[in-house]
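Here the structure is a predicted model, which is why all the values come from computation and not from measurement. Quick note on labels: first sequence line is chain A, next is B, and so on, each numbered from 1.
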Protein chains: 2
Amino acid sequence: MDRDRGSRDVTIKDVAKRAGVAISTVSRVLNGLDKVSPKTEKKVKEAVEELGYVQNGLAVSMVTGQTRTIMMVVPDFTNDFNGAVIQGAEEYLKEQGYTMLIFSTKDFKEEDFENLYRRFSKLVDGVLVVPANPDDMDYGRWEKPLVLIDCYRPGQDYYTVEIDNAKGGYLLARELLLNGHTHIGLVGGIPGASLGGQRIAGFERAMKEYGVPIDKRLMMRGLHFEDTGYRGMKKLWDLPDRLRPTGVIAVNNLTCIGCMEALSERGAVIGQDISLVGFDDHLLARYSVPGITVIVRPTIEMGREGAKLLVQQLRKEEIGQKRVVMEIELKRRNSVKRLLV
Amino acid sequence: MDRDRGSRDVTIKDVAKRAGVAISTVSRVLNGLDKVSPKTEKKVKEAVEELGYVQNGLAVSMVTGQTRTIMMVVPDFTNDFNGAVIQGAEEYLKEQGYTMLIFSTKDFKEEDFENLYRRFSKLVDGVLVVPANPDDMDYGRWEKPLVLIDCYRPGQDYYTVEIDNAKGGYLLARELLLNGHTHIGLVGGIPGASLGGQRIAGFERAMKEYGVPIDKRLMMRGLHFEDTGYRGMKKLWDLPDRLRPTGVIAVNNLTCIGCMEALSERGAVIGQDISLVGFDDHLLARYSVPGITVIVRPTIEMGREGAKLLVQQLRKEEIGQKRVVMEIELKRRNSVKRLLV
DNA sequence: TTGTACGCGTTATCAA
DNA sequence: TTGATAACGCGTACAA
């Protein structure tokens with residue numbers, strides 16, 4: 001059989017022979033566990049150095065049952081929110097001596113998730129998930145430590161890292177309201193879905209609080225992709241004058257981008273012809289002219305916190321709270337017009 | 001010792017016992033290698049099903065010497081080019097039954113790369129790298145199959161996936177020249193560095209071809225980060241009228257974004273007060289108003305091709321060419337003003 | 001066609 | 001303080 005190893009690797013055996021000790025002694029030196037005499041320790045370390053020995057992680061994992069690897073699952077890598085979360089998680093894991101096996105669930109069917117976990121559960125110590133459809137999955141049967149990022153499922157008690165989505169929706173709506181907007185449109189958010197649902201709930205609360213009725217005709221529901229924003233905004237813009245909203249809330253980053261695309265096509269100037277607010281501080285929100293007023297989430301930190309929560313579980317450390325709620329912030333730019341009242 | 005396994009996993013032994021055969025028979029059925037009688041095959045498959053047996057990848061790798069895992073290394077995850085490359089690579093690898101161990105090299109020191117490889121080389125079959133500093137690293141000592149993405153090093157013969165960077169620089173410069181620009185500025189690109197160097201070489205060729213002299217004072221060299229674009233563009237914009245360039249080439253996506261930020265701060269309108277062209281079809285280039293004329297690279301496909309090149313090596317398949325050069329395309333938008341000549 | 005037994009590289013137990 | 005050795009779960013010569 002072709003073992004594909006090239007020149008045979010240096011093993012602990014070679015080190016033992018070279019140092020003139022038993023392999024168990026080498027192991028002890030390497031792991032710094034038991035008492036070892038300074039003399040033999042020195043001999044072993046020299047042998048390791050001379051031979052260029054590196055532990056074989058596979059063999060270690062075989063016997064310890066721990067792989068020091070975690071599995072991270074994200075919807076896809078081209079969404080900048082996911083990218084930031086991965087960045088934060090990977091940095092923390094690296095610091096802690098963990099490695100990341102990564103998968104995207106783009107085009108996943110229902111059962112694929114289950115298969116993925118089954119197939120790799122022995123290769124990883126824990127799982128970090130940014131769910132694509134937070135409401136569809138049941139993570140109950142997973143035996144490994146699990147942390148969900150950007151996903152809260154009421155009534156269940158997973159370890160999660162979230163933001164207060166309702167507060168976000170509320171802040172955005174209030175920002176429009178305080179600037180005199182009363183015809184407010186909404187793009188994205190599926191009825192009954194948790195994530196968009198919370199944001200919408202916050203929006204509704206603000207509207208109620210300020211005594212402004214919600215016009216159902218301005219609610220452009222749909223999946224959280226660019227297309228929903230693009231088509232929704234076009235419909236809103238093309239409404240007759242007295243119906244057309246003066247301000248629009250995009251429920252997430254992609255729908256916001258879709259809105260901007262639609263408005264650009266229509267030749268509408270944001271912050272002038274129409275006001276737009278959204279979630280996440282993506283490139284377009286930050287650098288387009290005018291900048292977009294958005295809810296800023298600490299994306300990289302969300303990844304870090306998720307990884308931290310996972311590692312704490314792996315180490316069986318005391319964990320303060322299973323749900324970590326991160327702070328958000330309203331970043332005001334020039335996409336909201338101040339209407340005369 | 002705490003083996004951390006929860007209830008003991010089902011092993012091949014359990015399957016063998018349940019099916020009333022030897023473990024080697026189970027193995028044969030699982031791997032579909034030798035002849036096995038239909039009867040025993042059925043028995044084994046039933047046992048697998050009933051017990052919910054899943055192969056332990058660790059043990060398999062131990063004995064086969066292959067992990068079916070590759071190591072991917074990128075500068076960071078928040079750059080959309082890297083995200084797209086990862087997306088393409090991961091999709092292809094998943095299709096081919098491979099898994100991806102991922103690392104970012106942000107804040108890496110020189111020797112970290114070497115350590116990373118040494119530490120994990122036994123856990124992976126091959127390596128896929130998007131280099132941060134293409135010129136600094138020497139990948140010569142790596143024993144595993146290796147593919148470099150977006151990096152060509154003259155005189156060496158790695159497996160690489162690239163574009164014709166010189167052509168890209170040429171096309172951008174020509175676009176400005178054909179629109180009547182003769183005062184052309186450049187942002188990014190370090191003298192002697194390969195990647196930016198090639199793009200600049202293409203720019204220089206175009207300038208020469210069209211008989212337009214290069215004004216050294218308009219060359220804002222620097223690392224390929226936003227900051228270089230931001231500061232470079234400010235300097236260019238603040239130049240006295242007769243010196244200020246009418247058109248600027250950003251050497252990559254981040255410097256382009258930095259340029260846009262600077263111009264926005266200065267209140268300059270792109271495509272009107274100044275023209276801007278760059279590389280990569282990022283969010284801002286695509287959806288800001290006006291859109292930016294850019295060289296579009298097939299980013300996801302570059303990831304796919306890189307992964308393909310790697311898997312072909314792993315399978316010891318015949319490989320047509322070690323350097324895969326992907327097609328690029330000039331995407332015209334409204335960031336270039338047509339000057340009267 | 002099927003079963004036995006060894007080896008992959010390491011840790012951990014126990015005896016020396 | 002050290003050494004010998006049984007696991008860990010699997011693939012595969014080789015024997016039956």
Side-chain angles (χ1 to χ4, degrees), chain A residues 1-44 47-48 51-68 119-123 125, chain B residues 1-44 47-48 51-68 119-123 125:
Chain A
M1 163 195 189
D2 183 3
R3 286 194 183 272
D4 245 0
R5 300 245 175 95
S7 52
R8 203 177 70 69
D9 285 329
V10 177
T11 76
I12 196 173
K13 256 184 206 156
D14 303 315
V15 176
K17 191 175 293 176
R18 175 74 159 235
V21 297
I23 57 172
S24 51
T25 304
V26 177
S27 178
R28 272 187 288 256
V29 172
L30 259 42
N31 299 309
L33 291 178
D34 281 313
K35 309 287 175 208
V36 182
S37 81
K39 256 183 295 181
T40 51
E41 178 171 346
K42 182 158 171 276
K43 276 193 299 183
V44 169
V48 165
L51 268 40
Y53 167 75
V54 182
Q55 260 190 343
N56 182 328
L58 284 174
V60 176
S61 294
M62 272 288 288
V63 49
T64 63
Q66 296 178 175
T67 60
R68 300 220 122 223
R119 221 181 119 206
F120 293 103
S121 74
K122 281 165 192 151
L123 301 184
D125 292 346
Chain B
M1 161 196 188
D2 183 3
R3 285 192 185 272
D4 244 0
R5 300 244 176 96
S7 52
R8 203 179 68 70
D9 285 328
V10 178
T11 75
I12 197 173
K13 251 184 209 155
D14 303 315
V15 176
K17 190 176 291 173
R18 175 73 158 236
V21 298
I23 57 170
S24 54
T25 304
V26 177
S27 177
R28 276 187 284 259
V29 172
L30 260 43
N31 300 309
L33 290 178
D34 280 313
K35 307 290 176 205
V36 183
S37 81
K39 257 184 294 184
T40 50
E41 180 171 345
K42 182 157 171 275
K43 275 194 299 185
V44 169
V48 166
L51 267 42
Y53 167 74
V54 183
Q55 259 190 342
N56 182 328
L58 284 175
V60 175
S61 294
M62 272 289 288
V63 49
T64 62
Q66 297 178 174
T67 61
R68 301 221 119 221
R119 216 178 124 208
F120 294 103
S121 74
K122 280 166 192 150
L123 301 183
D125 293 344

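In this structure, the CG atom of A:Leu58 is 15 Å from the C1' atom of C:dG7, given to the nearest Å. One atom, CE of B:Met62, and another, P of D:dG9, lie 12 Å apart when rounded to the nearest Å. Computed from coordinates, the B:Ile23 CD1 to D:dG9 C1' distance equals 8 Å when rounded to whole Å.
Each of D:dC10, C:dT10, D:dA13 was ranked by its minimum atom distance to the side chain of A:Val60; first place goes to C:dT10. Nearest to the side-chain atoms of A:Asn56 among the listed nucleotides C:dG9, C:dT4, D:dC10 stands C:dG9. Of the candidates D:dT2, C:dC8, D:dG11, the closest approach to any side-chain atom of A:Val36 belongs to D:dT2. Which of D:dA13, C:dC8, D:dA7 sits closest to the side chain of A:Lys13 comes down to C:dC8. Checking D:dC10, C:dG9, D:dT1 against the side-chain heavy atoms of B:Thr11 singles out D:dC10 as nearest. The side chain of B:Ala22 lies closest to C:dG3, out of D:dC8, D:dG11, C:dG3. For B:Thr25, counting side-chain heavy atoms from C-beta on, the closest listed nucleotide (D:dA4, D:dG11, C:dT2) is C:dT2.
Close to D:dT2, at under 4.0 Å from its OP1 or OP2, lies a side-chain N or O of A:Thr40. In this model, the phosphate group of C:dT1 is not approached by any side-chain N or O of B:Ser37 to a distance below 4.0 Å at OP1 or OP2. OP1 or OP2 of C:dT11 lies within a sub-4.0 Å distance of a side-chain N or O belonging to A:Gln55. The phosphate of C:dA12 (OP1 or OP2) has no side-chain N or O of A:Thr64 nearer than 4.0 angstrom. Here A:Ser24 does not reach the OP1 or OP2 of D:dA4: none of its side-chain N or O atoms lies under 4.0 Å away.
Using a 4.5 Å heavy-atom threshold, the side chains of A:Ser27 and A:Ile12 count as touching. Counting only heavy atoms from C-beta outward, the side chains of A:Asn56 and A:Asp9 never approach each other to under 4.5 Å.
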